[in-house]
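Read the numbers this way: they start at 1 and go in the same order the structure lists the ligands and their atoms.
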Amino acid sequence: MRYFFKEGAVLTAGEMIELEPEDLGHAHRVLRLRRGDAVVVADGKGSAYRGVVETLGPERGLIRLTGLPLPAAESPRRIVLLQGLARGEKMDQVVRQAVELGVQQISPVVTERSIPRFSKSREEGRLKRWRSLVRAAAKQCRRAVLPQVTPVLDFAGALELLRGRTAVLPWEGEHKRGLDRLLERLPEEQEAVFVFIGPEGGFSEAEITALIGAGVSPVHLGPRILRTETAAAVTVALIQAAWGDLGVSQR
Ligand code: SAH
């Protein structure tokens, strides 16, 4: 069934929802949807409803909600991914996989060893790209929440975000403390879990010292060095398995 996001929409039975311009061409020309076709509309905040196409043309598309809410594809665990800024295609992969694995927020962070450095105007372009990747990935995996991509943080901003939080800091320089040690303590239900992954070149010693000073303890992800995009996906998946909804049997 075709899936659309309409942010800010109030989803109630009988309501008419107008498709976003960015979805219109796709729905009309590519998917060739017609009056009466079944679709799903999600508000990006956690609700998704079934609906049918009422009218669809090159100018306008209207969906009538039929009022059957879908079971949410959202994890009970809120995960925020801080990703050390890596090269283009790696970031793209991180963003897509983070959405699939159920994160709620992605915050790119410029660290000492981040290779891409860009001006504010380039940053706007990157953010636009990541947000459109998020939207496509969220549609594909039927998320009801549209995960947020925040503006790029500097390291000091990341440090502030992590202070006093439940945070997972994978660092290949840590050889003793594994993620298992951390996962033993189940956080409160409402507590968000923060994950901070270094860029291709990893964190500097000074950054690790500052993070430890902010109360974040590094953990290892096994004896193999993972690529940054692999490390991000693996860490989020392990957290979802321990504290979220990945591979968890339903009662
Ligand atoms: N440049 C480093 C590797 C960086 S890997 C080197 O070659 O030594 C990129 C990021 O992935 C790291 O900053 C860390 O957050 C994570 N990572 C990769 N492998 C890891 C491992 N075995 N244990 C913990 N973190 C790891």
Side-chain angles (χ1 to χ4, degrees), residues 77-118 126 130 133-134 137 147 149-150 152-185 187 192-244 246-247:
R77 178 62 56 191
R78 199 179 134 77
I79 301 175
V80 176
L81 173 64
L82 282 75
Q83 172 66 50
L85 201 56
R87 279 185 235 264
E89 71 289 359
K90 287 178 181 283
M91 284 302 284
D92 289 358
Q93 194 179 334
V94 167
V95 166
R96 286 197 191 97
Q97 291 180 339
V99 173
E100 285 175 54
L101 291 166
V103 309
Q104 297 263 341
Q105 182 182 314
I106 301 166
S107 293
V109 184
V110 180
T111 67
E112 212 174 299
R113 298 191 189 146
S114 283
I115 296 165
R117 305 264 163 175
F118 31 70
R126 292 276 94 191
W130 295 328
L133 292 176
V134 163
V149 182
T150 68
V152 177
L153 299 175
D154 60 13
F155 187 75
L159 213 54
E160 275 322 297
L161 203 60
L162 294 174
R163 205 177 288 279
R165 304 292 197 151
T166 298
V168 179
L169 173 66
W171 180 46
E172 63 286 356
E174 172 63 45
H175 299 292
K176 283 216 176 93
R177 193 166 187 263
L179 192 54
D180 60 342
R181 199 65 55 74
L182 195 74
L183 296 175
E184 279 168 7
R185 187 192 70 86
V193 175
F194 290 72
V195 177
F196 193 5
I197 304 290
E200 299 98 313
F203 292 111
S204 70
E205 292 282 341
E207 285 170 337
I208 291 293
T209 306
L211 285 159
I212 293 172
V216 185
S217 307
V219 293
H220 75 75
L221 295 176
R224 294 162 294 281
I225 303 284
L226 307 176
R227 288 173 188 264
T228 182
E229 63 274 33
T230 310
V234 163
T235 308
V236 173
L238 288 170
I239 292 169
Q240 287 289 30
W243 295 338
L246 197 144

Using heavy atoms and a 4.0 Å limit, tell me yes or no: is [X] in contact with ligand 1?
X: Glu200; value: yes
X: Val219; value: yes
X: Pro199; value: yes

Return the closest protein heavy atom for [atom] as residue, atom name and distance.
atom: atom 22 (N) of ligand 1; value: Arg224 O, 2.7 Å
atom: atom 12 (C) of ligand 1; value: Glu172 OE1, 3.3 Å
atom: atom 13 (O) of ligand 1; value: Gly198 CA, 3.2 Å
atom: atom 15 (O) of ligand 1; value: Pro170 O, 2.6 Å
atom: atom 7 (O) of ligand 1; value: Ile225 CG2, 4.2 Å

Heavy atom under 4.0 Å from ligand 1: found in Ala231's side chain, backbone, both, or neither?
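For Ala231, the contact with ligand 1 is made by the side chain alone.
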Proximity to ligand 1 by part of Arg227, non-hydrogen separation under 4.0 Å
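None of Arg227 does.
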Salt-bridge present (Glu174, Arg177; N to O < 4.0 Å):
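No salt bridge links Glu174 with Arg177.
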State plainly whether the residues Arg87 and Glu200 are in salt-bridge range, i.e. N to O under 4.0 Å.
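A salt bridge links Arg87 with Glu200.
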Got a sec: does the CD of Glu89 have more than 12 other heavy atoms crowding it under 6.0 Å?
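Enclosed: over 12 neighbouring heavy atoms sit under 6.0 Å from CD of Glu89.
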Closer than 4.0 Å to some heavy atom of Gly201 - which atoms of ligand 1 meet that?
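Per the distance check, 1 (N).
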Consider only side-chain N and O atoms of Arg181 and Ser217, and report whether a donor and an acceptor are under 3.5 Å apart.
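Ser217 and Arg181 do not have a side-chain donor-acceptor pair below 3.5 Å.
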Using only heavy-atom distances, determine whether the side chains of Gln105 and Ser107 contain a donor-acceptor pair under 3.5 Å.
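Side chains of Gln105 and Ser107: pair found under 3.5 Å.
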Short N/O distance, under 3.5 Å, between [X] and ligand 1?
X: Phe196; value: no
X: Leu221; value: yes
X: Trp171; value: yes

Quick one: are Phe203 and Pro218 in side-chain contact, heavy atoms under 4.5 Å?
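They are not in side-chain contact.
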For residues Val95 and Pro147, determine if any side-chain heavy atom of one lies less than 4.5 Å from a side-chain heavy atom of the other.
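SC-SC contact between Val95 and Pro147 ruled out.
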When rounded to the nearest 0.5 angstrom, what is the spacing between [atom1] in [X] and [atom2] in [Y]?
X: Phe194; Y: Ile79; atom1: CZ; atom2: CD1; value: 11.0 Å
X: Leu81; Y: Ile197; atom1: CG; atom2: CD1; value: 6.5 Å
X: Phe196; Y: Leu162; atom1: CZ; atom2: CG; value: 6.5 Å

From the options Leu226, Ile208, Ile197, select the one whose nearest heavy atom is closest to atom 5 (S) of ligand 1.
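Ranked by closest heavy atom to atom 5 (S) of ligand 1, first place is Leu226.
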